[in-house]
Amino acid sequence: MAVIVDIADAVVNDLNATDFGRPLTAVRSYLPVFDLKAMKTLHVTVVPKALSNTALDRNRDTFEYQIDVAVQQKIEPTLAALDDLLTLVEQISDHLRTQRLLSYPGARCTEVKNDPVYATEHLAEWRQFTSLLTLTYRVVR
Amino acid sequence: MDLLEQCSRWLNSQRHTHLTREISYRRGVQAVTLRATVGRTEFELGDGLGTVIETQVRDYLIRVEDLVLSGQQTLPERGDRIEEAQDQLTFIYEVLPLGDEPAWRYSDLYRQTFRIHTRQVDLEE
């Protein structure tokens, strides 16, 4: 299997094995399509995004794999509910940033971007919270 | 009242008489049963930032005078729910803005009818 898929799977496994204080099931997807009706429950979607590599020496390259983690839920957009979901995003970010992936320890998380922290257009048009984490994992091979 | 307004009122009454179905309009625990015209139904695919969100968009035309909650005439609000029963199912729509448009607008010059934008958010059996 492609390394980027292995890393994405490892992210999914890690998230599902971690207690974030609420039920959370992360799923890997190539083309995540969701019905708005289904978004009442928390959706955590892991999607391989991009990769790049640079030569390290004669035999090895440094690869950087980008993995998107989308956290989404249709909610009553009160301050408390939104604060709670943003806290979850931070917990996920902190966990992945600081821990090696259990099922792919050779990948090291070197960067986490949270952009957008939340999508205002989704809140306005769908009353849905959407936050996107882009994780960069470095692998030498 | 000018001639055009008279015509508009007559047309609106005909629409209400012949082109409406019963719905329940809900805001929290407040609800009213009234008659509405389904203005349009479209399917929408939205950019969900790495994901795609699909939903059914539906407009309802409701007489201004009919939207009364707890004895008070009111304006539609984002987040209100419209429940429409069909066969053994209840389709639930939420009042939401649509693109650059707010969640509702008057559908005529004389402010007799609301055009309310909604998206389907639930389906109950």
Side-chain angles (χ1 to χ4, degrees), chain A residues 4 8 11-12 26-50 66-79 81-82 85 89 113-135, chain B residues 23 25-31 40-60 76-105 115-125:
Chain A
I4 196 166
V11 170
V12 169
V27 174
R28 178 171 67 84
S29 178
Y30 278 101
L31 180 61
V33 179
F34 299 121
D35 192 318
L36 188 62
K37 294 195 292 294
M39 300 306 285
K40 284 183 294 185
T41 55
L42 178 66
H43 280 61
V44 178
T45 312
V46 177
V47 180
K49 183 182 185 183
Q66 288 191 328
I67 308 290
D68 276 348
V69 178
V71 178
Q72 297 174 295
Q73 187 171 10
K74 183 162 171 33
I75 51 161
E76 187 69 30
T78 61
L79 217 51
L82 294 168
L85 284 167
V89 173
K113 281 186 183 167
N114 187 191
D115 183 19
V117 174
Y118 63 95
T120 51
E121 62 271 28
H122 289 192
L123 270 183
E125 281 212 33
W126 301 327
R127 285 160 59 102
Q128 177 187 281
F129 175 86
T130 297
S131 185
L132 189 67
L133 290 168
T134 301
L135 311 156
Chain B
I23 61 155
Y25 192 100
R26 186 174 295 279
R27 178 176 301 157
V29 295
Q30 301 172 319
R40 75 166 174 175
T41 301
E42 287 178 359
F43 198 71
E44 178 187 62
L45 285 177
D47 173 17
L49 289 170
T51 63
V52 176
I53 304 295
E54 58 183 21
T55 180
Q56 190 190 81
V57 177
R58 201 160 170 90
D59 282 2
Y60 288 92
E77 288 182 6
R78 181 186 302 185
D80 291 350
R81 299 283 176 105
I82 289 176
E83 298 171 2
E84 185 184 336
Q86 187 174 329
D87 302 325
Q88 305 303 314
L89 302 172
T90 301
F91 295 80
I92 300 175
Y93 296 86
E94 186 169 302
V95 177
L96 291 167
L98 187 62
D100 295 334
E101 279 202 35
W104 67 273
R105 60 179 168 83
R115 175 176 284 271
I116 302 173
H117 302 307
T118 69
R119 289 185 178 85
Q120 190 182 356
V121 293
D122 215 342
L123 177 66
E124 292 179 355
E125 295 184 15

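Below, chain A is the first sequence line, B the second, and so on; all start at residue 1.
Only the side chain of A/Pro116 comes within contact range of chain B, with heavy atoms under 4.5 Å apart. Contacts between A/Asp68 and chain B at a heavy-atom distance below 4.5 Å are absent for every atom of the residue. Using a 4.5 Å cut-off between heavy atoms, B/Ile92 makes no contact with chain A at all. With a threshold of 4.5 angstrom between heavy atoms, B/Glu94 approaches chain A through side-chain atoms but not through N, CA, C or O.
With rounding to the nearest 0.5 angstrom, the OG1 atom of B/Thr55 is 9.0 Å from the NZ atom of A/Lys74. Taken from CG in A/Leu36 to CG in B/Leu96, the straight-line distance is 7.5 Å, to the nearest 0.5 Å. The structure places CD1 of B/Ile53 at 4.5 Å from CD of A/Gln128, a figure rounded to the nearest 0.5 Å.
Residue-environment remark: CG (B/Leu45) exceeds the threshold of 12 foreign heavy atoms within 6.0 Å. Residue B/Phe43 places its CZ atom among more than 12 non-hydrogen atoms of other residues, nucleotides or ligands, all under 6.0 Å distant. Applying the 6.0 Å contact sphere to CD of B/Glu101 captures more than 12 heavy atoms from other residues, nucleotides or ligands.
Within the 4.5 Å cutoff, side-chain heavy atoms of B/Arg119 are placed close to those of A/Glu125.
Across all their heavy atoms, A/Ala124 and B/Pro97 have their closest contact at O-CG, 3.0 Å.
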